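Only one structure is covered here, and it is reproduced in the block below.
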Amino acid sequence: MSYHFSEIEAKWQKYWKENHTFKTKNPDASTQESTPPFYVLDMFPYPSGAGLHVGHPLGYIASDIIARYKRHKGFNVLHPMGYDSFGLPAEQYAIQTGQHPAVTTLNNINRYREQLDKIGFSFDWSREVRTSDPSYYRWTQWIFMQIFNSWYDRQQDKARPIGELIAIFEKEGNIAVEACSDPVSIFSAQEWNSFSEKVQQEVLSKYRLTFLAETEVNWCPGLGTVLANDEIINGVSERGGFPVERKKMKQWNMRITAYAERLLKGLETIDWTESLKESQRNWIGKSEGTSIEFKVNSTQKQASTHQDLQINPENAHLFQRANQIAQKPTEAESILWKYLKDKRLGQLFKQKAVVGDFIVDFLCSNHKIIIDIDKDTVVQKGEYLKKRTQILEALGYTVLRFKPEELLQDIGPVLSIVQQALREREKSVIRVFTTRPDTIYGVTFMVLAPEHELVLKITTPAQKKEVERYIKETAKRSELDRMADTKSVTGAFTGAYAEHPLTKNPIPIWISDYVLASYGTGAVMAVPAGDERDHRFAKHFDIPIVDIFEDIDTQEKAFSEKGDVKLVHSDFLNGLPYKQALEAVNRKLQEEGVAEVKINYRLRDAVFSRQRYWGEPFPVYYKNGIAKLIPEDCLPLELPEVEKYLPTKEGNPPLGRAHSWHWDEKNNKVVGVKNPEKLPDHTYPLELNTMPGWAGSSWYFYRYMEDQKRDTVFASKQALTYWKKVDLYIGGSEHATGHLLYARFWAKFLKDRGYTTVEEPFQKLINQGMILGESAFIHRIGKNKYISLNRIKKGEETQPIHVDVSLVNTSNELDLEKFKVWRPEFKKAKFLTEDNGKFIVSREVEKMSKSKYNVINPDDICKEYGADALRLYEMFLGPIDQAKPWSTAGLSGVYSFLKKFWRLYHIDKNEEEVFAVTHTKAAADSLKTLHQTIKKITEDIEHFNFNTAVSAFMICVNELTHQACRSREVLEPLVILIAPFAPHIAEELWEKLGHRQSIATAPYPVYEEKLIQETTKTYPISFNGKKRFTLELPLELSKQEIEHLVMEHPRTQEQLNGRAPKRIIIVPGKIVNIVG
RNA sequence: GCUCGAGUGGCGGAAUUGGUAGACGCGCUGGAUUCAAAAUCCAGUUUCUUCGGAAGUGUGGGUUCGAUUCCCACCUCGAGUACCA
């Protein structure tokens, strides 16, 4: 045997390294014209201490095949690799051992690199990035600064520099600017300019795309840090599986919610799998519904006596006159109207509205607020005004009265007063979000989240004790408990009632933890007839259920379908099906000013602070409690040294231990930043949190684009416009709602601010499936007694125990001696073997993991079968995106294929191998085989069907072997064809064919149709759709000729058995079907 | 529960727009070579069969000349998500 893969592979790996074979060309003028760019990227790995197992390279092999293929096709290929090297495991390890995470990380990276190199990837390592490298994370810090210095303009639907927002505030206040978060008070330009810096910054933080906020976070005591939603799986931390609880903490947040709609829409433009897009859609969780206000009854004033409201008949003419005057809007009124119309203050105002006997200037009927502007007339003064106000207030209105001068001078304070009044009113309003406003007549109670701010305000004294007890109880329950227990119904009655906005009936208000504070408004209108949870709650607490669906009894079961079922007991909605009822009720509620159609997203702003050491430091310091950015010139702000990687006694993150952070007390100078002289004052405290793992991975694909000038820009304009985006991205689906969402978010941001050119960074995305391990088990029966698999009797109870798969051969036989060495505690155990003395283990497919002793190391495979065999086998296992079990035994197939392929180019002469490719003309059948293969392989690569491509190679080699083809005309193109899959053997044969240059950029063979054209077709002859025999016929025959020949055939006559066929279907070139 | 995906030999898996089901490989069986083994090569390998054939792609129905492929219902498994109003 002369296929010496280990020599060949070592030789070419060395060659590639020394000749920089895979160095990407820079986009200068010449490349731009001649070679189109193609960017194929793998999700970069976190270099864990365990090293790679055979599952990891699967995606890398696929992307490498594409990269190599595209080079043959003449593309300028960018195919880089790097490390996502900040992260928790290195830090956990540091806490345990005291070893600096940078050291651990470096060791792991070196080990990864060694493993990767053995597989023969065509990465351009000159562009490698490491997220924990200061030269890299300085740009992560820089991007954070740009995000901090930006706000989201809802009108233009893009991020803009914060300076432009400040300019707007200085000129016209914030009346025209919609805030992204909680409502911001309205202020005028004058007011803005008079604010202190602190107030100004507080206001700006409500607009910035990253901001500090007291947020309910997922606190993980086990890890001592907060976690993002996507880092929690089933209520416990993804890493380590520690419980997670809710806690309020001051944290940096990323306003990803500003991009919710664009993140959703963008999915339509990219080529990802439906399931992945679906995950992101679910995560964003858009739902269209109605936000409805319910007034809390208890606080409503009642009109005192009827008599007070009477107008003195003597003065009736005055009132009439006053009303007439009030009808024409004055200049001052016009100004105010500008700010009140179109719900600018969040509430519907009407101009010149009638209230009782009066015409008022402005009315918010929902909140019962009246704004009157003084008129400079006699009739509007004195007793009239007093009486008028008295009457209106008695009716439950708040009357605000302003002088025209106030409005003309500075409208700011006026608006503040109006807003204040609105807020006051809001306090007695419960806003709910519902997607089923059509069921509003079925509301029999309301439920607030226990954390809802109104709960304590509205609770009646009688219910106070119970409500407080319930709140305490739910706060104690951890997230995990809540999730585990979805069946039990709990809640408490507040004693308060709300007023139904349409029927005006009193609605009891409850609290319960089935309503989440973090979604919608934290309150729901409960319709037991139409919602299962509401139904369960109503049943449990004996709250009445109103049937609102025609002919459907909802007393025992809720009916939640949105169909053609008509409504009943629903006033003006009676007889309407879902769709029409929805429209009608929305129209009505909006007219009343108590509701608006609203879009809600499940997506939350992303918490961006971590109380960890091993992450990017924030380029932030605090001056008088205000967060400020350090100057850009000072980046990178490097991680300080600490003596321990644990939180401080005061509960500060580990960075709090760096007493002399960036201030070297001995030498009296600033350290750890560039251009230290530009740092404003080293005595201001720095931010002690670090950034989360997803910070560095949200933009690394741009860094790879850049080859030079790495300290002046994160990536040059030239590089960004040339490469634009990742054409093909390969990685695991576990990043569906984390990395892939955050990276899209940052990409959109960078585009908005003009730093990059594309909206979506990953055009085509493929998720490689997991490679599963084949665990081995021995079976225990009784104490210290183990039984071989085939001796287990049917129904016998055994306890399976994992054993290391390396101790088991391909016949599932366990090496007992080695096993006892591996596990000394089994030394004295009794092993009941088969009759032949062998001990057989059972096998089961499981996830590959150290703890299951089923990990297969790619190094071992490369050593025993070679990298080319590993590459082919991983591709041959099955479709790239599917999970599939690893089986080392199966490797022999591709291994013998490679030997067979090698033999195609050699003959044995007197025990010696001779290269035997000739210049003779190829036989027609060999050319046909070759071109069929070219066609198949090309199609398969384009469609990422690597498994069938490998089998096409096998078919090709089998055929050429049979044909005894030795012709260069066939064998030379074949080497190029296989080079992307098995690059080492291809390079070796390419060299033997006389080439001096690497095969890497050899032009891809061109498929010629005429060489594979057939003249005959073996037709399947079917009877009633079942094939009964085949018949070879010339392809050029017409339907009639085929029919004639088929009908004449004795087998046809036999099948028909004398009957005449009803119909004969002939598809030339495909099939013949005779219907009898 | 919801969403998405998948069910094909002993196993991994093939099957362009509906057109010869089981390609290719593993495993298994038999044979050649060998002192023997490895390696290699050849033949066979869905099931049943009266050796003529017949049935067959999770189950049941439907559309069609023809269904692994399209439609409906159900079952099983996997992934994601989870009181989202």
Side-chain angles (χ1 to χ4, degrees), chain A residues 1 233-235 273-283 285-287 289 432-436 439 447 482-483 485-487 489 512-516 518-527 530-534 536-537 560 600-603 733-734 736-737 767 769-770 774 810-811 843 845 872-873 876-879 881-894 896-897 899-900 903 939 943 945 947-955 958 961 1017-1030 1054 1061-1067 1069-1076:
Chain A
M1 226 303 295
I233 312 287
N234 293 328
T273 61
E274 204 41 49
S275 69
L276 200 83
K277 289 187 186 182
E278 200 58 30
S279 310
Q280 293 214 343
R281 282 192 201 109
N282 288 342
W283 194 259
K286 179 178 184 172
S287 64
V432 301
F433 176 75
T434 177
T435 53
R436 297 295 305 274
T439 63
V447 188
R482 267 189 176 186
M483 293 229 255
D485 171 26
T486 57
K487 269 174 218 141
V489 178
S512 173
D513 65 359
Y514 87 79
V515 175
L516 305 175
S518 57
Y519 181 77
T521 58
V524 299
M525 60 175 221
V527 183
D531 185 282
E532 227 173 277
R533 293 153 303 168
D534 296 344
R536 239 187 306 157
F537 195 86
S560 54
N600 236 320
Y601 297 93
R602 201 183 75 107
L603 185 72
S733 57
E734 67 272 19
T737 50
N767 290 130
M770 204 188 307
E774 220 186 359
T810 49
S811 322
R843 290 265 178 160
V845 170
L872 282 175
Y873 185 57
F876 187 62
L877 268 179
D881 53 356
Q882 258 172 49
K884 55 238 151 186
W886 176 268
S887 151
T888 305
L891 245 161
S892 63
V894 291
S896 35
F897 159 75
K899 286 189 283 191
K900 212 165 169 181
R903 274 203 306 276
E939 281 169 4
H943 294 108
N945 297 325
N947 54 331
T948 50
V950 176
S951 67
F953 280 126
M954 290 172 169
I955 294 168
N958 286 344
T961 305
K1017 161 80 186 171
T1018 308
Y1019 281 95
I1021 313 299
S1022 303
F1023 293 81
N1024 296 321
K1026 294 271 173 206
K1027 185 193 77 174
R1028 288 300 173 245
F1029 64 96
T1030 57
E1054 193 185 303
K1062 275 189 202 141
R1063 212 173 138 189
I1064 300 170
I1065 312 252
I1066 294 164
V1067 185
K1070 290 243 161 109
I1071 50 108
V1072 176
N1073 189 18
I1074 300 165
V1075 187

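Proteins get letters first, then strands, A, B, ... in listed order; numbering begins at 1 in each. A quick note: this is a predicted structure, and the numbers were derived from the prediction, not measured.
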Using atom [atom1] of [X] as one end and atom [atom2] of [N] as the other, report the distance to the nearest whole Å.
X: M525(A); N: rA85(B); atom1: CE; atom2: P; answer: 13 Å
X: Y514(A); N: rG1(B); atom1: OH; atom2: P; answer: 21 Å
X: R843(A); N: rG10(B); atom1: CZ; atom2: P; answer: 21 Å

Is the shortest side-chain N/O distance from [X] to OP1 or OP2 of [N] below 4.0 Å?
X: K1026(A); N: rG56(B); value: yes
X: N947(A); N: rA14(B); value: yes
X: R1063(A); N: rC65(B); value: yes
X: R1028(A); N: rG53(B); value: no

Considering only the [atom1] atoms, how many Å lie between [N] and [M], rounded to the nearest integer?
N: rU69(B); M: rG18(B); atom1: C1'; answer: 6 Å
N: rA14(B); M: rG7(B); atom1: P; answer: 9 Å
N: rA55(B); M: rG60(B); atom1: P; answer: 15 Å
N: rU50(B); M: rC4(B); atom1: P; answer: 49 Å
N: rA21(B); M: rG66(B); atom1: C1'; answer: 14 Å

(Q) I need the I1066(A) CD1 to I1074(A) CD1 distance, nearest 0.5 Å. (A) 8.0 Å

Q) Between atom OH of Y1019(A) and atom CG of N1073(A), what is the distance when rounded to the nearest 0.5 Å? A) 14.0 Å

Q) Should the ring pair F433(A) and Y519(A) be called parallel, tilted or perpendicular, given that the plane angle runs from 0 to 90° and is split at 30 and 60? A) perpendicular

Q) Relative to the ring of Y873(A), is the ring of W886(A) parallel (under 30°), tilted (30 to 60°) or perpendicular (over 60°)? A) perpendicular

Q: Could you say whether S733(A) or K900(A) is positioned toward the 5' end of RNA chain B, judged by the nucleotide with the nearest heavy atom to each?
A: K900(A)

Q: Answer with base, sugar-phosphate or nothing: what part of the nucleic acid does E278(A) contact at a heavy-atom distance below 4.0 Å?
A: sugar-phosphate

Q.
With hydrogens left out and only the distance checked, is there a donor-acceptor pair under 3.5 Å joining K1070(A)'s side chain and the base of rU16(B)?
A. no

Q.
Just to be sure I follow the notation: if a pair is Watson-Crick (purine N1 to pyrimidine N3 plus N6-O4 or O6-N4) or a G-U wobble (N1-O2 and O6-N3), each under 3.5 Å, what dot-bracket string does RNA chain B give, with | for pairs to another strand?
A. (((((((..(((......[....)))((((((.......))))))(((....)))..(((((..]....))))))))))))....

